[in-house]
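Read through the structure below, which is laid out as structure tokens, and then see the notes.
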Amino acid sequence: MNTDMNKASSELGLLSVMGATVRREMLLAFRNPGDVINPLMFFVIAVTLFPLSVGTDENFLSAIAPGVIWVTALLAVMLSMDSLFRADFEDGNLEQLLMSPQPLYFLLLAKIFSHWLVACLPIILLAPVLASMLFMSPEGMLPLVLSLLLGTPVLTLLGGIGMALTVGLSRSGLLLAVLILPLYVPVLVFGTGVVQAAINGTAFSGLLALLAALFALAVSLSPLAISAALKISIN
Amino acid sequence: MWQWLYKLGSPKWFYTIGNRVLPWLWGVTGLLLVVGIIWGLGFSPPDYQMGDNYRIIYLHVPAAGLMKGSFYMMALCSAALLIWKIKMADIVAKAVAPIGAMATLLMLVSGSLWGIPTWGTWWIWDARLTSSLLQFFIFVGIIALRSAIESRDSAAKACAVLTLVGLVNIPIIEYSVEWWNTLHQGASDLSLRDSSANPPEIWIPAFFTGFGFIGLFFIGLILRSQNEILLRERRSQWVKDLLLTDNAKADTESGINTNA
Amino acid sequence: MLEVHGLYCERDERILFKDLSFSIAPGKALQIQGSNGSGKTTLLRILCGLNSDFSGEILWQEKPVKQVRSEFCSDVFYLGHAPAINRTLSPRENLRWFSASQGKTGNIDISTALDELGLAGYDDVPCFMMSAGQQRRVSLARMKLTSARLWVMDEPFTALDKRGVSEVEQLLSDFVNAGGSLILTTHHPLQIACDIDVINLDSRVQESAP
Amino acid sequence: MPEFQFNSLAELLNMGGYAQYVWPVYVFFLLFCLFTVVPPAYSRRKIVKQIKARLRREENQ
């Protein structure tokens, strides 16, 4: 079997396996909708807690709206991380993933992209609705969605590292928070900065660029950390 | 030079070198700290603005340096463990983590106590204090991960990965906190560093306490590493010989037991 | 095909095996025997690269495994304790990812594979409605889909009934006689029609770590 | 050698009115020193005792 046919089939193999991974994850999300609904419900309920606690004064709520939306979205994404590796670790599929000939780097990207589609996209779509519930001014809506679109993948990738490190442990929900939340700070700071700048009418494209830079850094580096962590947890 | 470094990789050698270095370290560190503190507290002139309150920086600045230094050392050990599989690196990283966390705590406490007369409250969201607080959370995260994983080898490698992830993220966190601080509060003019109007000799005691801190750090590191070595090598012959000779003579003051 | 030199593995202060060397050639089977906890599963996972807590050398086609990882992985099929079956998916959906990773994307292969494992008609039944034996058969159906020349199997016969065990033994002997090589651990008395070398981990090492 | 800044012990203790900020920091520093040295020394004694006990058990087996 000459090698170039082998090379061509391995490229095709990688793309087809990534496609198969994404399709499998979508199917899994469809089969157990908890992975989609629970983060979303947490996001909605957590946001409604704020008016109940801090009162419904309009200017105050609209002042804290970007922060509230971003913090609850961040927590929702972190809580949704549990469904990323745990099910596959328990039924043995994670070993098959590590044993597959295709480079683990791209398989993990496919897996995390599908988790982002399942868990984070609904949150992004719902964020403007909740923001308007908190009387956030309308010109902040688009920047909010843009910053979430760029920020949540970084949160998912960093959460993936934490999840890969703790997948072998029996009850590690809170440990994930202790490990990963400090690393979420830059995304939170720039994310709320974008919305705040938009509301004050100042230019926010620079901050979006910073978020995009964080996104590029996370996409390129964190799969390396995740595959190293998975190989350790599988040991 | 490499041969010496290579030897440090073997636990037995590290243990014996540790025992030989410890007495010197005790003496030098004690001297440095005593001189630094007495000079700083009693002899250096008061600050033109803050009066005697500024004497806190003789502990605050070395603690901040130790916080940074201990994390970089942990990152170095983590890289050595993951890349060259040096078992000794994990022992040192495990010993450094609690000391680094406590140094960060000392930095935070001294920073906020310094802040009470100058800012009016014990905590303000100053850029350096906030990023040090986040660094403290990262230290706690690493220690929590190590205690959560039972098997020692995977705990070591998992903490190494987390430390390196932390190493990449810390500059980003500091940059974002710095940017965030200028957005909300403007640069606080009374930051801890700009006591430039003072005569230069106020920095001499800080020189002493600084190196005294480093000495203290290595004392703690060697003691903790030696404990871990004894635990891990308890079945090996050299530990048995070491302890049997100890039976023969009265056990000297812990920490300076003379080696076989 | 696969050579192992001087393999040493220690777990919680106990030596599992020390300077273990063997090789496996095409058309050969190797059975790892040993009591519970003697390190059979650890040895299989070390061979597959899932476990890296060992010292020693593993060569695949005379080259260290680390350098030829993707060829090695495409030529090895590992079947672990866990059936690697997601209970909410159907057998077809479970196997589709695996067959894609082996470069086969056709659906017909999956249904023929399932039929040969006695699961005709179960293609689209969610796995949680199937018995443990049937789920193990779904996992074993991957034998039909893989083009790997080295099979590493950890207790392949668990949860199978008598007829299932003989069917799988038949499949294994066809594979080995057709030039494949097989490493497996099992507690059942093995009747496959080919020459089997045996390594017994109990008789090799008694004393604890140095 | 710079001269001593405070003319009396009471003045030193008062630390120019900042006593309740400066001295707690130095107390915390003392805690830091104890934390770096005392726990390892204590667990050293425990470890040595443990190993010796095991050695004695193995010897008279």
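Every chain is numbered from 1 and lettered A, B, ... according to where its sequence line falls, protein lines coming before strand lines. Fair warning: this is a prediction, and the values are worked out from it, not measured in the lab.
When A:R23, A:K231, A:E90 are compared by the number of non-hydrogen pairs under 4.5 Å with chain C, A:R23 comes out ahead. Annotation: maximal heavy-atom pairing with chain A below 4.5 Å, among C:P126, C:P83, C:S52, occurs at C:S52. Here A:N235 is the residue among A:N235, A:L98, A:N32, A:I234 with the most heavy-atom pairs under 4.5 Å with chain C.
Side-chain contact between A:F106 and A:V17: absent, with no pair of heavy atoms (C-beta onward) separated by less than 4.5 Å.
Under a 4.0 Å N-O distance rule, the pair C:K40/C:D154 does not qualify as a salt bridge. Note on C:E93 versus A:R31: salt bridge recorded, some NZ/NE/NH1/NH2 to OD/OE distance being below 4.0 Å. A salt bridge links C:R137 with C:D161; the closest basic N to acidic carboxylate O contact falls under 4.0 Å.
At a 4.5 Å heavy-atom cutoff, the contact between A:N93 and chain C is made by backbone and side-chain atoms alike. Contact of C:L50 with chain A is made through backbone and side chain together, with heavy-atom distances under 4.5 Å. For chain C, the nearby parts of A:L97 are the backbone and the side chain; heavy atoms of each come within less than 4.5 Å.
With A:Q96 contributing its side chain and C:Y78 its backbone, the two residues share a donor-acceptor pair below 3.5 Å.
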